[in-house]
S.K.: 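Below you'll find the structure I mean.
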Amino acid sequence: MAQAVERMCPAVKFADDCDYNQQSEHEKTAEKKRNLTMKYGQEQRNIVKRRLRLEHWVDAELNKLYGITDPNDTHPCDPDLDEIIKLDTEEEKRKMIMEMIISCKEADEVMQVFVNELLERMKAL
């Protein structure tokens with residue numbers, strides 16, 4: 001019977017002819033992408049978490065310094081923490097941070113408090 005149907009409709013496949021273990025191209029691609037994901041150790045994840053917390057804190061503090069309350073607005077200052085960390089002395093770091101926030105309208109004392117706290121938090125990285 002199956003042979004008669006195959007002669008009339010060659011595109012029809014019976015359960016015996018199907019390979020259920022065959023993966024589609026989409027499944028193969030998804031599996032390849034999944035295998036490219038890198039896993040980090042606990043120490044590396046902690047470093048990334050500390051860095052993200054610092055960046056969020058800096059962003060929130062700069063919003064306060066510039067008086068920004070709308071979450072869609074952004075402050076004009078975009079400090080590059082990596083560049084600051086690379087500097088050798090604390091005085092160089094302090095100078096670079098102050099140059100970044102020079103357009104801030106807050107009093108110098110408030111900006112100094114921000115700079116001091118930022119430098120302290122950066123030491124933890």
Side-chain angles (χ1 to χ4, degrees):
M1 165 106 177
Q3 292 172 348
V5 172
E6 283 181 20
R7 274 187 263 135
M8 290 189 293
C9 298
V12 175
K13 287 192 173 187
F14 290 94
D16 297 341
D17 299 333
C18 293
D19 184 10
Y20 291 108
N21 295 327
Q22 184 179 7
Q23 291 180 328
S24 68
E25 286 299 315
H26 176 71
E27 290 170 336
K28 289 178 184 177
T29 306
E31 186 175 326
K32 286 179 185 177
K33 287 180 183 177
R34 184 176 59 236
N35 291 340
L36 293 177
T37 303
M38 181 168 247
K39 294 183 180 181
Y40 294 104
Q42 184 69 32
E43 185 176 340
Q44 186 67 27
R45 284 194 306 256
N46 288 337
I47 292 170
V48 171
K49 286 179 186 178
R50 282 193 305 260
R51 176 64 185 254
L52 283 174
R53 277 195 298 263
L54 178 62
E55 288 181 4
H56 288 295
W57 177 84
V58 167
D59 193 47
E61 290 298 311
L62 287 173
N63 283 341
K64 288 179 192 175
L65 285 175
Y66 284 95
I68 297 173
T69 56
D70 185 9
N72 295 328
D73 288 343
T74 59
H75 48 77
C77 179
D78 188 24
D80 186 358
L81 297 179
D82 290 325
E83 289 298 317
I84 297 169
I85 291 171
K86 287 179 186 177
L87 296 173
D88 295 328
T89 66
E90 190 168 312
E91 212 37 56
E92 290 175 330
K93 293 176 184 181
R94 183 179 303 280
K95 183 179 176 188
M96 185 175 197
I97 296 168
M98 288 302 290
E99 288 173 359
M100 289 180 184
I101 62 173
I102 196 73
S103 64
C104 180
K105 304 289 189 236
E106 283 292 331
D108 284 340
E109 297 84 27
V110 176
M111 291 193 305
Q112 287 297 330
V113 169
F114 166 73
V115 171
N116 292 336
E117 192 165 348
L118 176 58
L119 290 172
E120 283 300 314
R121 289 176 181 244
M122 287 175 64
K123 288 178 184 176
L125 293 180

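Since the model is a prediction, treat every value here as computed from it, not as a measurement.
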S.K.: Sequence neighbours excluded, which residues qualify as side chain to side chain contact (heavy atoms under 4.5 Å, CB included) partners of Asp108?
M.R.: Met111

S.K.: Return each pair, listed once, that meets ring-ring contact (aromatic ring centres under 6.0 Å, His included) where at least one residue sits in residues 84-107; pairs must be two or more places apart or across chains.
M.R.: none

S.K.: Who pairs with Glu61 by side-chain hydrogen bond (donor to acceptor under 3.5 Å, both in side chains), at least two apart in sequence or on another chain?
M.R.: Lys64

S.K.: Show me the pairs that pass ring-ring contact (aromatic ring centres under 6.0 Å, His included) and involve residues 81-105, at least two apart or across chains.
M.R.: none

S.K.: Which hydrophobic side chains are connected to Leu52, either touching it within the sub-4.5 Å cutoff or through other members that do?
M.R.: Val48

S.K.: Just verifying a value: how many Å separate Leu65 CG and Ile101 CD1, rounded to the nearest 0.5 Å?
M.R.: 6.0 Å

S.K.: Just to verify, what does Arg45 make a side-chain hydrogen bond (donor to acceptor under 3.5 Å, both in side chains) with, not counting sequence neighbours?
M.R.: Gln42

S.K.: Name all residues meeting the side-chain hydrogen bond (donor to acceptor under 3.5 Å, both in side chains) criterion together with Asn63; count only those two or more places apart in sequence or in a different chain, and write none if there are none.
M.R.: none

S.K.: Who pairs with Thr69 by side-chain hydrogen bond (donor to acceptor under 3.5 Å, both in side chains), at least two apart in sequence or on another chain?
M.R.: none

S.K.: Would you tabulate the side-chain donor-acceptor contacts of residues 77-87 under 3.5 Å, counting partners in other chains and residues two or more places apart, or write 'none'?
M.R.:
unit_1 : atom_1 : unit_2 : atom_2 : d
Asp80  : OD1    : Asp82  : N      : 3.3
Asp82  : OD1    : Arg51  : NH1    : 2.9
Asp82  : OD1    : Arg51  : NH2    : 3.1

S.K.: Is Met96 close to Lys93 at the side-chain level, that is, under 4.5 Å between some pair of heavy atoms?
M.R.: no

S.K.: Test: salt bridge (Lys or Arg N to Asp or Glu O under 4.0 Å). Region: residues 109-125. Which pairs qualify, not counting sequence neighbours?
M.R.: Glu90-Lys123, Glu117-Arg121, Glu120-Lys123

S.K.: Under the rule for ring pair (Phe, Tyr, Trp, His ring centres under 6.0 Å), what residues qualify as partners of Phe114, not counting sequence neighbours?
M.R.: Trp57

S.K.: I'd like to know whether CD of Glu99 has more than 12 heavy-atom contacts from other residues, nucleotides or ligands below 6.0 angstrom.
M.R.: yes

